[in-house]
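Every heavy atom of this structure was used, including side-chain atoms; hydrogens, water molecules and symmetry mates were not. Lettering follows sequence order; numbering is per chain, from 1.
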Amino acid sequence: SLSLLAESDDNNFILQGTQVKDVIIKPDAPNTLLLDKHADYIAAYGSKKDDYEYTLSEYLRMSGIYWGLTVMDLMGQLSRMNREEIIEFIKSCQHDCGGISASIGHDPHLLYTLSAVQILSLYDSINVIDVEKVVDYVKGLQQEDGSFAGDKWGEIDTRFSFCAVATLALLGKLDEINMDKAVEFVLSCMNFDGGFGCRPDSESHAGQIYCCTGFLSITGQLHKVNADLLGWWLCERQLPSGGLNGRPEKLPDVCYSWWVLASLKIIGRIHWIDKAKLRSFILACQDEETGGFADRPGDMVDPFHTLFGVAGLSLLGDEQIKPVNPVFCMPEDVLQRVGLQPDLLS
Amino acid sequence: MSSVEEISNPVAENLEEDGVEEENTVEEAEMEYEEPVKGGYIFYRDRKEWADLEPVPQDDGPNPVVKIAYSEKCKYVFDMFRALLKNDEKSERAFALTAEAIELNAANYTVWHYRRVLLQALDKDLREEMKYITAIIEDQPKNYQVWHHRRMVVEWLNDPSEELQFVAEILSQDAKNYHAWQHRQWVMQEYKLWDGELEYVEELLEEDVRNNSAWNQRHFVISHTSGYSDSAILEREVQYTLKQIKKAPHNESAWNYLNGILQDGGLSSYPGLLEQVTELQDTCSSPYLTAFLVDLYEDITKIYKKNRHHSKPVIKLCKLLAEEKDTIRREYWNYVSRSLQNTYGSGDPVASSSDPPPPSSSQQPDTEPSDP
């Protein structure tokens, strides 16, 4: 039983005599799923005047579009988005090197190349871009040690290993890179606690763990994961509020409902999370007035957290939402159409 | 887009002719850059040295997906930036503009790329750039681009001498800043700067014994220097960790660390560990201690003669956790309990679960550990 004795500073609560960093869900927090409001929120996103945040997020626009379209598709509302405009936009973002940028006038990057390919998969329009050149671009970013740079400037991160294989898998071109080396690098990022970081020896982090387990799923190497050890680390992310954090002693955030939950699903241990408590945390992150989800209850909403809130609920089995694929964070029916069935541990 | 192509020739002509003017331009541009927005911001459209450049409005595609509203300054800066990019202009004014753009949006990776291109093309003073990126990071320490930029400058200068001090300053504001820790690890490995790091980690753990990043760093330093295979080192680390646990028992990181460093040798091979951990149960109880005990018993029973007599207290501990001490993870504790029962038997058939059966252990003769 939870005995909340005292609230100290800054989200540190005393629980059974020990300090726990967490949030308290207020009794009047939303507890039903407001799908229509979320669909309206996304459909209208960016069309408001004076939207300073929309402007400032131009540097990630391709990912922003992917988040919006994916959550709309999961809610069965994809038709409300402007397919033709978006496809034209993507065509304008492919550079001569084959890579795709976040927006027009920005430089190409693996992150936005993946987002673009995901969007085109949703729309079954992969061939509007030069697929061969995308493959060349991705191949060209692989380093000698098997890792992938994000772009020509050379930042190395396991996120980019995931972006590379996910992109190529969606294009049916996984065989074009040095798979053994790519796997070797990702495995070299496995830590003493069973988790993964962005580079070898980097602290385990749920976002990186999602990328690495997703990578190992796509490349058929999930047997290399210590599923019990990692599963334990992942289910330790759940706090008394029901929400999930990204690493020890951090606050819960609804996007970790995706990174942690999808990872657990991939390694076959999603039932180690208290689903009911997580569901009530996610629902509490909704904004009843504006629609959308925030990182935690009461904060400002955005499309990023809206996608991961809805996707998390889908993984938890909500029948009002389409099944989501835990590796690609895309609707299962899209992946079936593409013919992709990445491994999951049972 | 076509409007930019039309003016690109006039722009090139102006630059060739105005060599002298260019110098003044730089000074003026810098002065204006320093003026506060509220007080005396002079829009580029009003600056004569920018008169040749036609701003390129943001283009989200032939039919913009959405309408955009800017504050005026933001709009002009980024429109100017796009114009420079289109013309591939490599000039001081372009360099000054990247600073303005960064101030408005330090996450815009294309602006950082362009700045790096200019740093090289204009052969800029990299020491000055270090000062610049230091200030930016201090202001916005949780941004991928700024840290990557700093790394590039350090590489170009081949000078890591300020790095550990700088990262320590950033960590003093947020001891878990993920980017800061990555940078620190890179500097240390690249330039072999291992001295004093263990002491630094201990300082951080004194301040916050639950700092997971610091525990990770501890593992990083030791793995890359002495390693853990020396039994004296391992002993030191085990005792250090147990000491921290006594100070703050509910400490996930410390327990993960203890488990992690003993994995290779096997938990049960460390002499006296069971006794030491069992002793802690009264004063330092936590789900992590119990989880550790469970792992320890599992390892013992695996290595030594398997016997359900020894799995019984562990199964009891799992039940305690599932039903009382750590109910949110009851499914995990039930899984562990079932695994133990399946492997070592309690005499009763166990209800099936969605979990896979655990690997069977090999039998070893001899020593039986005492019950707790």
Side-chain angles (χ1 to χ4, degrees), chain A residues 18-20 45-52 54-56 58-61 65 82 84-86 88-89 92 101-107 109 151 153-155 191-193 197-199 201-205 228 231-233 235-236 238 240 242 247-250 268-269 271-274 277 346, chain B residues 56 58-71 74 78 82 85-86 104-105 107-110 113 116 144 148 152 176 178 181-182 185-186 189 210-213 216-217 219-220 223-224 249-250 252-253 256-257 259-261 263 286 291 327-332 335 354-356:
Chain A
T18 65
Q19 257 193 344
V20 177
Y45 185 77
S47 62
K48 293 182 214 121
K49 288 182 185 245
D50 301 321
D51 205 316
Y52 193 65
Y54 183 82
T55 301
L56 286 190
E58 187 190 86
Y59 73 94
L60 53 69
R61 182 67 61 239
I65 294 173
N82 197 320
E84 280 65 43
E85 282 180 8
I86 290 166
E88 285 308 307
F89 174 70
S92 321
S101 52
S103 186
I104 294 165
H106 288 249
D107 288 339
H109 197 286
D151 64 11
W153 292 99
E155 185 191 355
N191 293 321
F192 61 87
D193 51 20
C198 62
R199 288 188 284 278
D201 296 312
S202 299
E203 187 185 357
S204 296
H205 183 287
D228 281 353
W232 163 242
W233 192 95
C235 76
E236 277 189 299
Q238 191 161 32
R247 42 181 177 141
E249 294 296 308
K250 290 287 204 158
R269 276 130 177 87
H271 50 290
W272 287 0
I273 286 287
D274 183 322
K277 297 204 84 177
S346 56
Chain B
V56 177
Q58 181 165 303
D59 185 358
D60 272 328
N63 297 298
V65 178
V66 291
K67 281 191 214 158
I68 287 133
Y70 281 85
S71 70
C74 192
F78 282 99
R82 270 184 285 277
L85 212 53
K86 265 283 177 221
L104 291 167
N105 188 358
N108 190 319
Y109 66 101
T110 297
H113 291 183
R116 282 193 284 274
Y144 284 102
H148 186 66
M152 301 281 334
K176 299 175 192 176
Y178 199 71
W181 281 111
Q182 299 331 307
Q185 287 192 344
W186 168 72
Q189 267 196 291
R210 292 195 187 86
N211 184 338
N212 194 63
S213 310
N216 184 70
Q217 188 74 348
H219 189 271
F220 171 69
S223 338
H224 286 272
H250 199 272
E252 192 184 333
S253 308
N256 283 347
Y257 182 76
N259 199 327
I261 62 178
Q263 282 287 311
S286 75
T327 57
I328 208 167
R329 273 166 283 276
R330 73 182 80 78
E331 288 301 326
Y332 174 76
Y335 166 74
S354 46
D355 297 313

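- Heavy-atom pairs under 4.5 Å with chain B were tallied for K250(A), R247(A), E236(A); the largest tally goes to E236(A).
- Of the listed residues (D193(A), D151(A), L60(A)), the greatest number of heavy-atom pairs within a distance under 4.5 Å of chain B belongs to D151(A).
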**Q.** Residue pair N259(B), F192(A): steps toward the side-chain contact (heavy atoms from CB on, under 4.5 Å) verdict
**A.** CA-CA 8 Å; N259(B) 199 327; F192(A) 61 87; over 6 Å; no

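- Using a 4.5 Å cut-off between heavy atoms, Q217(B) does not touch chain A at all.
- Atom-to-atom distance recorded for Y335(B):OH and C235(A):SG is 11.5 Å, nearest 0.5 angstrom.
- Atom CD of E58(A) sits about 3.5 Å away from atom NE2 of H106(A), to the nearest 0.5 Å.
- Both the backbone and the side chain of I328(B) come within contact range of chain A, judged by heavy atoms closer than 4.5 Å.
- Of the inter-residue distances, the one linking N212(B) atom CG with Y257(B) atom OH reads 12.5 Å to the nearest 0.5 angstrom.
- Contact of H113(B) with chain A is made through backbone and side chain together, with heavy-atom distances under 4.5 Å.
- If you tally non-hydrogen atom pairs under 4.5 Å between each of H205(A), Q238(A), R199(A), E84(A) and chain B, the highest count goes to Q238(A).
- Side-chain atoms of Y109(B) never come within 3.5 Å of backbone atoms of H109(A) as a donor-acceptor pair (strictly under, hydrogens ignored).
- Listed options D201(A), N191(A), D274(A) were ranked by heavy-atom pairs under 4.5 angstrom with chain B; first place goes to D201(A).
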Q: Assess whether side-chain contact (heavy atoms from CB on, under 4.5 Å) is satisfied between W232(A) and R269(A), documenting all intermediate values.
A: CA-CA 9 Å; W232(A) 163 242; R269(A) 276 130 177 87; over 6 Å; no

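- In terms of heavy-atom pairs under 4.5 angstrom with chain B, the leader among S204(A), S202(A), S101(A) is S202(A).
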